[in-house]
Protein chains: 2
Amino acid sequence: MKISDAARRAGLPVKTVRYYADIDLVRPPGRTDNNYRDYDSAALAKLVFVRRARDFGFSIPECRDLLALYEDRDRSSADVRALAASHLAEIEAKQRQLAALRDELAHLVSACQGNDRPDCPIIDRLEAE
Amino acid sequence: MKISDAARRAGLPVKTVRYYADIDLVRPPGRTDNNYRDYDSAALAKLVFVRRARDFGFSIPECRDLLALYEDRDRSSADVRALAASHLAEIEAKQRQLAALRDELAHLVSACQGNDRPDCPIIDRLEAE
DNA sequence: TCTTGACCTTCCTGTTACTGGAAAGTCTAG
DNA sequence: CTAGACTTTCCAGTAACAGGAAGGTCAAGA
C-alpha cells in the first residue's frame, strides 16, 4: 500500500505519515522496488492507533509508550491505565488553569464598557499598579 | 537599568526580555556606553504589561496589539474589549474541547481494571475496529 | 596589579509536531 | 510521448522562548 493510501485510510496527512516513519514511530514494513514506502495492514492499524491517541491529546512519546503496550500481548492493563491516568491528570490540571483564566478574563470583559472612551478595566488590570 | 534588573522587576527571565527586544515588542529606550541595553521605567511598565497579558494567555501578536492600545491615550475601550472577548472565545472553545476529551478519557480510565491482565478498554478504544 | 566572578553582548542550536516547498525520480493514461 | 499525479529526499519555518558558546565589561578583593 502506497503512503497516500495509508494516509487516507488512517485519516492522516501524507506528510505526517512520512514524519512518523522518520522518527521511528510507525515505520512501513518495507519499500517497493522504486523505493516507495510500502504499508501493510498492521502498519495501517498502528497509524490509526496513533491518530486516535493523538486525538486524545497524548504526546508523541506517550504514543510511543502506548504503541509498545498495544503491541505487547503480555501487557498488564495497569500499565496502560497508569499512562492514561497520568495524561488525564495533566488534562485536568490544564482545565483548572483554563477555568481560572477564563473566569477572570470574562469578569474583565463584562466590566469593560466597550465604548469609545479610553477607560478600560482590562488595560488597568494588565498595567503595573 | 540593566537587563537583569528589568527582568527581575518584571518577573521575566533575562532571555525573554532580550527576546522581546529582538522582536521589537518591548525595546529599551537606548544602550549604555558599553552597549548594554538600558531600560527605563516606561519600558519596565511595558514588560510587566506584557508578562501579565502573557499570563492571561494572549499570544505575542495579541500582546503587540494590546500594547499599542495601552500606549494609545485616544484608544476606545471597545477595541480592547473586542480583543479580549475574542481571546475569551478561544479559551472557551479550548475548554469545551478539553472537557470532551477529559470526559471520554476519564470514562475509559475508570472502565479499565488496571490489573496484570492485558484486556484494556483504553487500548480497545484506540485500536481500529 | 591581577584575578575572580558576575554581569553583559551576539550568534547558533534545539524544542513540538508537524507543514510547505523545491528538485528530482516514477508511473499511468491518453 | 507527454501531462499529471504520484513518490522520494532535504531544507526552512512555525511559537516563544531556553541553553550554551565565545567573548567583552566591570567592581571587589588578595
Side-chain angles (χ1 to χ4, degrees), chain A residues 1-40 43-44 46-67 87 90-91 94 97 101, chain B residues 1-40 43-44 46-67 87 90-91 94 97 101:
Chain A
M1 190 190 322
K2 281 193 266 189
I3 197 169
S4 61
D5 290 331
R8 187 178 34 74
R9 296 204 208 177
L12 287 169
V14 170
K15 279 274 188 186
T16 299
V17 176
R18 208 173 275 129
Y19 173 68
Y20 288 168
D22 284 351
I23 64 171
D24 276 358
L25 180 62
V26 179
R27 263 179 313 171
R31 300 270 184 149
T32 61
D33 290 348
N34 51 23
N35 199 33
Y36 288 4
R37 290 176 184 81
D38 195 12
Y39 289 84
D40 61 4
L44 177 57
K46 288 189 219 170
L47 287 174
V48 171
F49 184 89
V50 169
R51 178 180 60 72
R52 300 219 172 126
R54 294 284 301 133
D55 287 346
F56 270 103
F58 287 98
S59 69
I60 297 290
E62 283 170 335
C63 287
R64 216 179 277 278
D65 294 343
L66 282 171
L67 211 46
H87 181 51
E90 281 173 30
I91 290 176
K94 182 161 280 179
Q97 192 189 345
L101 216 64
Chain B
M1 192 191 316
K2 280 192 268 190
I3 196 171
S4 61
D5 290 331
R8 186 178 35 74
R9 295 204 210 176
L12 286 169
V14 169
K15 278 276 187 185
T16 300
V17 176
R18 208 173 275 130
Y19 173 69
Y20 287 167
D22 283 352
I23 64 172
D24 276 357
L25 181 61
V26 178
R27 263 178 313 172
R31 299 270 183 149
T32 59
D33 289 348
N34 50 24
N35 200 32
Y36 290 3
R37 289 176 184 81
D38 195 12
Y39 289 84
D40 61 3
L44 177 57
K46 288 189 218 169
L47 286 174
V48 170
F49 184 91
V50 169
R51 178 180 60 74
R52 300 220 173 125
R54 294 284 301 133
D55 287 345
F56 270 101
F58 288 97
S59 70
I60 296 289
E62 283 170 335
C63 287
R64 217 180 277 279
D65 294 343
L66 282 172
L67 211 46
H87 181 52
E90 282 173 29
I91 289 177
K94 181 160 282 181
Q97 192 189 344
L101 216 63

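Values below: every heavy atom of this structure, side chains too, minus hydrogens, waters and symmetry copies. Here is the naming used below: chain letters follow the sequence lines, and residue numbers restart at 1 for every chain.
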*Residue whose closest nucleotide on DNA chain D lies nearer the 5' end, A:I3 versus B:P61*: A:I3

Hey, does the side chain of [X] reach the backbone of [Y] with a donor-acceptor pair shorter than 3.5 angstrom?
X	Y	value
B:D38	B:T32	no
A:R51	A:A10	yes
A:E90	A:H87	no

Nearest whole Å is fine: how far is [N] [atom2] from [X] [atom1]?
X	N	atom1	atom2	answer
A:N35	C:dA24	CG	C1'	13 Å
A:D22	D:dT9	CG	C1'	9 Å
A:Y19	C:dT16	OH	P	8 Å
A:D5	D:dA5	CG	C1'	13 Å

So, OP1 or OP2 of [N]: does either fall under 4.0 Å of a side-chain N or O from [X]?
X	N	answer
A:S59	C:dT16	no
B:N34	C:dC8	no
B:R8	C:dC7	no
A:S4	D:dA5	no
B:R31	C:dT10	yes
B:R18	C:dT9	yes
A:Y20	C:dC18	yes
B:Y36	D:dG24	no

*Salt bridge or not for A:R8 and A:D5, using N-O below 4.0 Å?*
yes

_Can you tell me which nucleotide in D:dA16, D:dT8, C:dT19 comes closest to the side chain of B:R54?_
D:dA16

